[in-house]
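I'd like to ask some things about the structure below.
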Protein chains: 2
Amino acid sequence: MTRASSRRPGPPTRTERGIPEATVARLPVYLRALTALSDSGIATASSEDLATAAGVNSAKLRKDLSYLGSYGTRGVGYDVEYLRYQIAREIGVTQDWAVVIVGIGNLGHALANYSGFGTRGFRIVALLDADPNLVGERIGDMEVRDFAELEAIVKADRVSIGVITTPAGPAQEVCDRLVAAGVTSILNFAPVVLSVPDGVDIRKVDLSIELQILAYHEQRKSGEAALPQVPELPAMNGLTDLPSVGGGVGA
Amino acid sequence: MTRASSRRPGPPTRTERGIPEATVARLPVYLRALTALSDSGIATASSEDLATAAGVNSAKLRKDLSYLGSYGTRGVGYDVEYLRYQIAREIGVTQDWAVVIVGIGNLGHALANYSGFGTRGFRIVALLDADPNLVGERIGDMEVRDFAELEAIVKADRVSIGVITTPAGPAQEVCDRLVAAGVTSILNFAPVVLSVPDGVDIRKVDLSIELQILAYHEQRKSGEAALPQVPELPAMNGLTDLPSVGGGVGA
DNA sequence: CCGATTTTGTTCTCACGTTCACAAGCTCCT
DNA sequence: AGGAGCTTGTGAACGTGAGAACAAAATCGG
């Protein structure tokens, strides 16, 4: 989010060609909904239809689409095929992106086999691992190659996206190597916070965090119904037998 | 104009017991950072230290923690163990949550084997699949059971969290069954928008969407440097050879 | 015992995102 | 042809979140 060059106090601002991040995150959802409608043989859909299919509010959907341009027809709706193409073009999935997966454990395996992956816009060009026991193993129609080949592969296949499915330990080093090799977008499944230089985008998928967020809300639900005897914060005021902040010995 | 001082003029308000959603999403990150510090033998950490480890701004971290209570010591910092416990308690991972995984394909396999899963706060109590060929297969120390047993398992083990790793097709039906059985939190890996009744929380993990978001930004990067000849929206005005909105055969 | 130093907790301001509400614009029917 | 009826695109209000800045509180040295 290094897009802070908009000092415009003015109203519209138009953001030149900048689409809000929240909107970008929803475009793929719209794209999927449109594809489903298209497969069902539906040629035209209103913002209400689309919003329902995408699981969002119709006003939000219309505003999101308005950032791309005026691709609808008032009184009618959106042409499914046409809008689908426009969104695909805006996202960039009309071209193919070369992807490498690093770390062929359970998750790497699963991703390598995931079909809906290469079908639309993304092409896995290599599966890499540093473990010599894994190198050479066949997965689908691909073969696991040595992580040392990374630089050559990135250069040869113009790889711009790297997926990290290693354990937490080696993740930062793998990340550094990817960046050094020229990869500028990284999808990280390892449970660590990776640091990357400016100009490199990174996104994180973290199962454990998602579960914990669910647990928080779940605890709320049970708590309201059954266990209202939570300590609550003011109770801390009197507590002196806690791990003795800062000293233990002194004070 | 309209200083928006409608209801509460704005004192503390304390929000009763409500923690902002954005903060809830970061608490697990802080928890992980604290665990790492704890494992390194560090007993006390300042907000600056913690923020660096968690990859956020220190002011944000302090504000986040302030929603939980005053667990720090001015001039000193936070006691790592104590704060870790408080956050864990707030999230709810001091107790164990029973989890079922439905759909034992590649991804389900990977999750079932994922160790960092059951280690902290979550216990996988069943792996379920409707495919008779899979039922009975052993994965780690568990055995795949028939999806028909869902209701009995949820009731017996007080399962509150369900993970859906089926293909898109059966996902909504699986979801409905989970909800009907009493599951109130769902983590969905299937590439569809699931609808659930009020009171049920749902979170989504979608590889394909993450990649598309990366592709969007990647296209931007290349575009700024090399391909500035994108059609751009006003070009559509003259286009009449597009899929003929609304016309065609029948409506 | 007091002042200097450190670091938290909180306030204030600004930017972003969501939702409402409605005018503009298109189609269809009379 | 002209008006009725829809549906889009957008302006404006509202709510949430981020970050800077500072006052309050705790330790430590003299």
Side-chain angles (χ1 to χ4, degrees), chain A residues 1-15 18-26 44-52 55-79 82-83 233 236-237 244-251, chain B residues 1-15 18-26 44-52 55-79 82-83 233 236-237 244-248 251:
Chain A
M1 37 186 79
T2 37
R3 206 157 293 133
S5 56
S6 60
R7 248 309 167 87
R8 282 295 172 82
T13 312
R14 278 298 154 101
T15 334
I19 297 178
E21 197 53 36
T23 296
V24 171
R26 282 187 294 264
T44 304
S46 70
S47 63
E48 201 69 51
D49 299 336
L50 273 175
T52 303
V56 301
N57 178 305
S58 72
K60 181 150 59 178
L61 180 133
R62 284 200 301 277
K63 176 156 284 197
D64 284 342
L65 294 186
S66 77
Y67 290 116
L68 312 190
S70 284
Y71 294 143
T73 307
R74 290 160 131 106
V76 177
Y78 300 89
D79 180 273
Y82 181 60
L83 181 59
L233 30 118
M236 181 206 163
N237 290 338
S244 106
V245 176
V249 188
Chain B
M1 50 187 77
T2 66
R3 257 304 141 103
S5 53
S6 49
R7 47 190 73 162
R8 281 301 169 83
T13 311
R14 280 299 156 102
T15 334
I19 296 178
E21 198 54 35
T23 296
V24 171
R26 282 187 293 266
T44 305
S46 70
S47 63
E48 201 68 51
D49 299 336
L50 272 175
T52 302
V56 301
N57 178 306
S58 70
K60 181 150 59 178
L61 180 134
R62 285 200 300 279
K63 184 179 287 194
D64 284 343
L65 294 186
S66 78
Y67 289 116
L68 311 190
S70 283
Y71 294 145
T73 308
R74 290 166 199 244
V76 176
Y78 299 90
D79 180 274
Y82 181 60
L83 182 59
L233 30 120
M236 181 210 161
N237 291 335
S244 109
V245 176

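Note that the structure is a prediction, hence the values are computed from the model and not measured. The chains referred to below are lettered A, B, ... by the order of the sequence lines, with proteins before strands, and numbering in each begins at 1.
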Between C/dT8 (C1') and B/L68 (CG): distance, integer Å
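Whole-Å distance recorded here is 14 Å.
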With the side chain of B/K60 defined as its heavy atoms from C-beta on, choose the nearest nucleotide among D/dT10, D/dG19, C/dT18.
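Closest nucleotide among those given: D/dG19.
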Side chain to side chain contact (heavy atoms under 4.5 Å, CB included) partners of B/S46, counting only residues at least two apart
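Listed in chain order: B/E48, B/D49.
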Can you pull out every salt bridge (charged side-chain N to carboxylate O under 4.0 Å, His left out) where at least one residue sits in residues 68-78 of chain B? Sequence neighbours excluded, please.
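As it turns out, there is no salt bridge (charged side-chain N to carboxylate O under 4.0 Å, His left out) pair with a partner in residues 68-78 of chain B once direct neighbours are skipped.
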Which pair of non-hydrogen atoms, one from A/S47 and one from A/S58, has the smallest distance, and what is that distance?
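Heavy-atom minimum between the residues: O-CB, 3.9 Å.
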Rounded distance in Å - CG (A/D79) to P (D/dT8):
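These atoms are roughly 13 Å apart.
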Nearest whole angstrom, please: distance from the P of C/dA24 to the CZ of A/R62.
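Answer to the nearest Å: 16 Å.
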Quick one: is B/N57 getting a side-chain N or O under 4.0 Å of the D/dG17 phosphate, OP1 or OP2?
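So the side-chain polar atoms of B/N57 never come under 4.0 Å of the phosphate oxygens OP1 or OP2 of D/dG17.
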Residues that A/A22 engages under side chain to side chain contact (heavy atoms under 4.5 Å, CB included), provided they are two or more places apart:
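A/A22 satisfies side chain to side chain contact (heavy atoms under 4.5 Å, CB included) with A/R26 once adjacent residues are dropped.
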In whole angstrom, what separates A/L61's CG from D/dT10's P?
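Value for this atom pair: 14 Å.
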What is the separation between atom CZ on B/R26 and atom P on D/dT16, rounded to the nearest whole Å?
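The distance from CZ of B/R26 to P of D/dT16 comes to 15 Å, rounded to the nearest Å.
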Looking across every strand, which nucleic acid part, if any, lies under 4.0 Å from B/E21 by heavy atom: base, sugar-phosphate, or nothing?
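Sugar-phosphate contact only - B/E21 comes under 4.0 Å of backbone atoms but never of a base.
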Can you find a donor-acceptor pair, distance only, under 3.5 Å between B/K63 side chain and D/dG19 base?
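Donor-acceptor pair under 3.5 Å: yes.
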Under 3.5 Å side-chain donor-acceptor pair for B/D79 and B/T44:
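On atom types as modelled, these side chains do not qualify, holding no pair under 3.5 Å.
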Output the rounded distance in Å from CG (B/D49) to P (C/dT7).
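B/D49 atom CG is separated from C/dT7 atom P by 8 Å.
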Using a 4.0 Å cut-off on protein heavy atoms (strictly under), produce a 5'-to-3' string for nucleotides 2-7 of chain D with B for base contact, S for backbone-only sugar-phosphate contact, and - for none.
----BB
If the condition is side chain to side chain contact (heavy atoms under 4.5 Å, CB included), which residues does A/A59 pass it with, not counting sequence neighbours?
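Side chain to side chain contact (heavy atoms under 4.5 Å, CB included) check on A/A59 returns A/N57, A/R62.
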Compare all side-chain heavy atoms of A/L65 with those of A/Y71 and state whether any distance is below 4.5 angstrom.
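A side-chain contact is absent here, since even the closest heavy-atom pair is not under 4.5 Å.
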Rounded interatomic separation in angstrom, taking CD from A/E48 and P from C/dT19:
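Going from CD in A/E48 over to P in C/dT19 covers 13 Å.
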Given that A/A59 and A/A22 both sit by DNA chain C, which one's nearest nucleotide is further toward the 5' end?
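Its nearest nucleotide being more 5', the pick is A/A22.
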Spacing of A/D64 atom CG relative to C/dG17 atom C1', expressed in whole Å
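It works out to 10 Å between those atoms.
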